[in-house]
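Accompanying notes for the structure given below.
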Amino acid sequence: MSIRVRFAPSPTGYLHVGGARTALFNWLLARKSGGTFILRIEDTDEARNTEAAMNAIFEGLSWLGIDWDEGPQKGGDYGPYFQSQRRSIYDAYFKKLEEAGRVYFEANGAARFKFSREAITIPDVVCGDIRFAPTEEPDMTIRRPDGGYIFHFVNVVDDIEMGMTHVIRGEDHISNTWKHIDLFRALGHTPPRYGHIPLLLNPNGSKMSKRDDGASIDSYIQAGFLPQAVFNYLCLLGWTPKLEGETFSAQQAVELFDISDVHHSNARFDMTKCTWVNQQHLRLLDDADLVAYARPWLEKAGITPGSDDAYIAHTLNSVKEKVSLASEFPSWVHFFFTEDFAFEDEVMTKLKANAQAPKLLAALQSGLQATTDWSEAGLGDAVTKVAASEGVKAGALMPLLRFSLSGQTRGPDVKVMMVVLGQERSIARLGRAAALLA
RNA sequence: GACCCCUUCGUCUAGCGGUUAGGACACAUCCCUUUCACGGAUGCGACACGAGUUCGAUUCUCGUAGGGGUCGCCA
């Protein structure tokens, strides 16, 4: 039988990173087995649902590359995929449960499910069998006085109706799962296989909350992460692929995934390592992807990159191995896109403190003017030559060049900068720096 | 309080009875570098504790402690 799994978020906030990882493991299981991944929106709590939260779910999952086979925007044979539209189905199942003698009502109209009070074992593909003794908890409410159904009930009904074979969800549900199994049986159905995955903790070791850095998927988009890097890092918190190294693609993850390899213990989130993973993926980008990745960030920073993709790629490649996030690109390459860039205070201070600067800049201008080989090698020779004639070390000229060409103390390799800028612009910039000192 | 899950370097982890307990991030030092970075090398650093099983336990069992979770007319 083909595997059917689902991600069933409720649209009450943003897409939480823990939820995204739950979706991810379900998706991996489906893709690995050639099964079906379903997105179901659990919007039974009308007061708390928002349109924005709904969109955050769609956008977040799509951004991560987690596509669903059935669900909102996709349709499918088991719809509707919004619980708010499945009222009549729940009514029918509720009636069935009533007929089975498993429902009774409180004075105010709330309906409770009468537990079987038998020992129940959860067959868990991650943790192994988990046994619960007959419960002493009060019977659980499954319908409110206003007629609205409670999560436990609709969740089970939909898993029956939608033919779920596996339910992969957070470990925080373990203590509820026996109740769900009880419901399945009361409704005359065999429960699915469960798999409870460990929780995501913040660096302090407690459950990730809204305030925590990186709690919402949107924050990664805003911070300039690559989706494949976040995908990669999320996998790593809870599962280790049998692979050399720690960076891998979604495709590799699908090939290597095995639900029984998922870890049993909670993991703390580490933004530093997540950023490192992003750096690794950033290096893998080809020119076209690199430009597409960085362009929005350049524009957001007020840079006009223009339409010369080859030139943009040159500028980005000059710092590709020095940055970790797309949001860092503007500060590293902005001077490539305007002749009117600002000089950092520290740069001006250092230039002014160097009594020889005007003389050396003039020498560099004429030396570079005479250079016929405008390549990294040729420029190296040219700088050495100027240094020799001026009686200084070449190392003393490099900062002057860097400052003049970029206005910054930190940036791409000096020779690479000159190659990217070209002869004319490079020399003009030396002139501009000299003028600033005059 | 009851029940459930978990426990290897600071963090993420490898390990599925015999290993000098391996890797990654972070950190430190050194090297490379005419500039800025990257990179390379080395170092630091862990089996929660106590019993038991065994010729032999990080690994299996039990207990204790610690961490996390659930016990809603939230999902």
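Order of the sequence lines fixes the chain letters, A, B, ..., with proteins taken first and strands second; residue numbering starts at 1 for each chain. Please read all numbers here as calculations on a predicted model, not as lab measurements.
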Side chain to side chain, Trp332(A) and Thr315(A), heavy atoms closer than 4.5 Å
no
Would you say that Trp239(A) contacts Leu24(A) through its side chain, given a criterion of any heavy-atom pair below 4.5 Å between the two side chains?
no
Considering every strand shown, what is the Watson-Crick or G-U wobble mate of [N] when both distances are under 3.5 Å?
N: C44(B); result: none
N: C9(B); result: none
N: C71(B); result: G1(B)

What nucleotide among [options] has an atom nearest to a side-chain atom of [X]?
X: Lys322(A); options: C38(B), A37(B), A75(B); value: A37(B)
X: Phe132(A); options: U35(B), G39(B), C3(B); value: C3(B)
X: Ala267(A); options: U35(B), C36(B), U13(B); value: U13(B)

Find the distance [X]:[atom1] to [N]:[atom2] and express it as a whole number of Å.
X: Leu421(A); N: U35(B); atom1: CG; atom2: P; answer: 20 Å
X: Asn155(A); N: A75(B); atom1: CG; atom2: C1'; answer: 9 Å
X: His263(A); N: U8(B); atom1: NE2; atom2: C1'; answer: 13 Å
X: Gln408(A); N: A37(B); atom1: CD; atom2: C1'; answer: 13 Å
X: Met418(A); N: C36(B); atom1: CE; atom2: P; answer: 14 Å
X: Leu397(A); N: C36(B); atom1: CG; atom2: P; answer: 14 Å
X: Asp158(A); N: A75(B); atom1: CG; atom2: P; answer: 13 Å
X: Asp124(A); N: C5(B); atom1: CG; atom2: P; answer: 10 Å

One pair to check against ring-ring contact (aromatic ring centres under 6.0 Å, His included): Phe337(A) and Tyr311(A). What are the steps and the verdict?
CA-CA 10 Å; Phe337(A) 300 97; Tyr311(A) 177 72; 5.8 Å; yes
Tell me whether the guanidinium CZ or amine NZ of Arg4(A) lies under 6.0 angstrom from the six-membered ring centre of Tyr78(A) and within 45° of its axis.
yes
May I ask you to decide whether [X] forms a salt bridge with [Y], counting only side-chain N to carboxylate O separations under 4.0 Å?
X: Arg432(A); Y: Glu339(A); result: no
X: Asp139(A); Y: Arg117(A); result: yes
X: Lys242(A); Y: Asp261(A); result: yes

Please measure how far the [atom1] atom in [N] lies from the corresponding atom in [M], and state the result in whole Å.
N: C71(B); M: C47(B); atom1: C1'; result: 34 Å
N: A2(B); M: U64(B); atom1: P; result: 12 Å
N: U53(B); M: U61(B); atom1: C1'; result: 7 Å

What does the B/S/- profile of nucleotides 63-73 of chain B look like, 5' to 3', with a 4.0 Å heavy-atom cutoff to protein?
-----SBSS-B
Would you give a per-nucleotide map of nucleotides 22-29 of chain B, 5' to 3', where B means the base has a protein non-hydrogen atom under 4.0 Å away, S means only the sugar-phosphate does, and - means neither?
-BBSS---
So the side-chain hydrogen bond (donor to acceptor under 3.5 Å, both in side chains) pairs with at least one residue in residues 320-330 of chain A (sequence neighbours excluded) are none
Looking at C5(B), I'd like to know if its phosphate oxygens (OP1 or OP2) sit under 4.0 Å from a side-chain N or O belonging to His264(A).
no
If each of Pro399(A) and Cys127(A) is mapped to the nucleotide of RNA chain B with the nearest heavy atom, which maps nearer the 5' terminus, i.e. the 5' end?
Cys127(A)
What's Arg283(A) touching, base or sugar-phosphate or nothing? Going by heavy atoms closer than 4.0 Å.
sugar-phosphate
